[in-house]
2 protein chains.
Amino acid sequence: MDPKARHAVTVLRQILRATEAYDRIVTRDTGLTSSQLLMVQILDDVGEASAGMLATRMGISQATITSLLHKLESKGLIARKRGDTDRRQVWLSLTDAGRTTLAQAPEGLQTKFGTRFSSLPDWEQSMLIAGLERVASLLDAENIDASAVLTIGELGGEQPG
Amino acid sequence: MDPKARHAVTVLRQILRATEAYDRIVTRDTGLTSSQLLMVQILDDVGEASAGMLATRMGISQATITSLLHKLESKGLIARKRGDTDRRQVWLSLTDAGRTTLAQAPEGLQTKFGTRFSSLPDWEQSMLIAGLERVASLLDAENIDASAVLTIGELGGEQPG
DNA sequence: ATATTTCGTTTGCTAAACTAATTATCTTTT
DNA sequence: AAAAGATAATTAGTTTAGCAAACGAAATAT
């Protein structure tokens with residue numbers, strides 16, 4: 001692999017790591033981990049959602065949703081309600097406490113990074129965004145998902161699925 | 001928050017999520033998690049490194065290095081050797097099996113992001129890396145506290161601590 | 001010689017995420 | 001209507017990353 005490509009990957013990982021470290025701070029401040037925060041934010045967005053919908057939207061499994069839900073429920077931030085038409089479903093929504101917490105913990109990652117970002121000169125903001133979008137397109141999860149497995153399957157003996 | 005800042009955050013999220021999804025695929029296909037793979041790659045790069053150097057380079061704690069090391073050692077990919085001049089140090093290097101695995105495994109990263117990235121014109125590669133590093137520094141700034149913030153520029157009213 | 005620092009390891013914890021199996025409920029098919 | 005199948009959420013159990021704190025061993029400073 002090109003040295004530059006490798007370097008790019010390294011920096012990407014640094015960003016990941018920085019974000020994680022960042023998350024820890026947010027967690028300390030808000031009492032919510034980033035996944036939990038995201039869940040709360042989405043619920044604030046959509047008002048109400050079933051567990052499965054959240055799973056899809058967050059890109060994680062239902063089991064993980066359940067476990068996040070436990071935590072948020074025990075903190076009193078989310079309420080659950082059995083579905084009317086379909087009693088298997090569990091509808092989730094923010095409690096008042098949830099909304100309050102969200103209002104106080106405004107946007108976690110967004111605030112600080114956003115503030116710093118906003119203070120950059122306009123041309124640099126544009127440039128960074130363009131770069132990030134480029135990287136995102138290079139990473140593009142869907143594309144990878146479909147084709148990568150097939151490509152790689154030829155490597156060794158084992159076949160996923 | 002600025003629309004641009006918000007947008008930047010959104011794209012950043014996309015990148016994070018894409019990367020995570022990506023990691024899962026790489027892990028499935030190579031048998032190495034992304035952290036493990038990175039460790040192997042670095043060792044391939046530098047030939048030999050002490051545990052502490054790896055920790056610094058990877059941006060994780062020594063304790064975590066040790067635990068990754070255990071896994072890679074048990075897979076026979078990495079060998080350890082006590083330092084000659086300083087016997088506290090542990091020098092790590094790839095075994096033949098490690099090199100072999102890496103030679104087969106990198107398809108995961110190469111075929112997609114790496115290949116795509118490598119195919120970009122050189123100036124764009126440099127630009128993207130610079131942008132990523134900038135973003136990393138923005139994310140990191142909060143962590144590293146006031147001193148780093150100054151390096152980045154006059155940012156705004158807020159003072160950590 | 002003694003104290004301090006440094007390097008790596010161990011221990012013990014948190015949190016996310018997965019899979020597989022289970023329960024409860026809906027939907028089809030017979 | 002009863003049996004079979006599909007779907008929603010949960011539970012159980014596992015893996016992995018990561019950290020901090022305590023610790024032993026070795027190097028360095030006093």
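Residue numbers begin at 1 in each chain, while the letters A, B, ... track the order of the sequences.
A close approach under 4.0 Å does occur between a side-chain nitrogen or oxygen of A:Thr33 and OP1 or OP2 of C:dA16. Residue B:Ser61 places at least one side-chain N or O under 4.0 Å from the OP1 or OP2 atom of D:dC19. For the pair B:Gln36 and D:dA17, the criterion of a side-chain N or O lying under 4.0 Å from OP1 or OP2 is met. Using a 4.0 Å cut-off, no side-chain N or O of A:Ser67 falls inside it from OP1 or OP2 of C:dA15.
With hydrophobic clusters built from ILVMFWY side chains whose heavy atoms lie under 4.5 angstrom apart, B:Val90 does not share a cluster with B:Met53. There is no path of hydrophobic side-chain contacts, each under 4.5 Å, that joins B:Ile78 to B:Trp91.
Looking at heavy-atom distances under 4.0 Å, B:Thr64 makes contact with a base. Residue B:Ile65 is classed as having no contact, given no heavy-atom separation below 4.0 Å to the nucleic acid. At a threshold of 4.0 angstrom between heavy atoms, the contacts of B:Ala63 include nucleobase atoms, whether or not backbone atoms are also involved.
In this structure, A:Leu38 atom CG and C:dA16 atom C1' are separated by 13 Å, rounded to whole Å. Rounded to a whole Å, the CD atom of B:Gln89 is 7 Å from the C1' atom of C:dC7. With rounding to whole Å, B:Leu32 atom CG is found 17 Å from D:dT15 atom P. Remark: P of D:dT7 and CE of A:Met53 are 17 Å apart, rounded to the nearest angstrom. Look at CG on A:Leu69: it is 14 Å from P on C:dA17, rounded to the nearest Å. We find that CE of A:Met58 is positioned 10 Å from P of C:dC18, with the value rounded to whole Å. Rounded to whole Å, atom P of C:dC7 lies 18 Å from atom CZ of B:Arg57.
Taking the side chain of A:Ser35 as heavy atoms from C-beta on, and the options D:dA17, C:dC18, C:dA17, the nearest nucleotide is C:dA17. If you check C:dT9, D:dT16, C:dA15 against the side chain of B:Val90, the one that comes closest is C:dT9. Here the side chain of A:Gln62 is nearest to one of D:dA17, D:dT10, C:dG8, namely D:dT10.
Defined by atom type and a distance below 3.5 Å, a donor-acceptor pair is missing between the side-chain atoms of A:Lys81 and A:Ser93.
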Check: What's the verdict on side chain to side chain contact (heavy atoms under 4.5 Å, CB included) for A:Met58 and A:Thr64, showing C-alpha distance, side-chain angles and the deciding distance?
Finding: CA-CA 10 Å; A:Met58 290 177 67; A:Thr64 304; over 6 Å; no

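Residues of residues 70-80 of chain A having a heavy atom closer than 4.0 Å to DNA chain D, listed by number: A:His70, A:Arg80.
In terms of heavy-atom proximity, A:Leu54 sits nearest to A:Ala49 at CG-CB, 4.2 Å. Nearest approach of B:Gly76 to B:Ala97, heavy atoms of both residues: O-CB, 3.6 Å.
Side-chain contact between B:Ile60 and B:Leu68: present, with at least one pair of heavy atoms (C-beta onward) separated by less than 4.5 Å. Considering only heavy atoms from C-beta on, A:Leu69 comes within 4.5 Å of A:Met39 through its side chain.
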Check: Taking protein heavy atoms under 4.0 Å as touching, what does nucleotides 24-30 of chain D look like 5' to 3' if B marks base contact, S marks sugar-phosphate-only contact and - marks none?
Finding: -BBS---

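A distance of 10.5 Å separates CE of B:Met127 from CG of B:Leu132, quoted to the nearest 0.5 Å.
Sequence order on DNA chain C of the closest nucleotides to A:Gly83 and A:Leu68 puts A:Leu68 first from the 5' end.
Sequence neighbours left out, not one pair with a member in residues 60-70 of chain A passes salt bridge (Lys or Arg N to Asp or Glu O under 4.0 Å).
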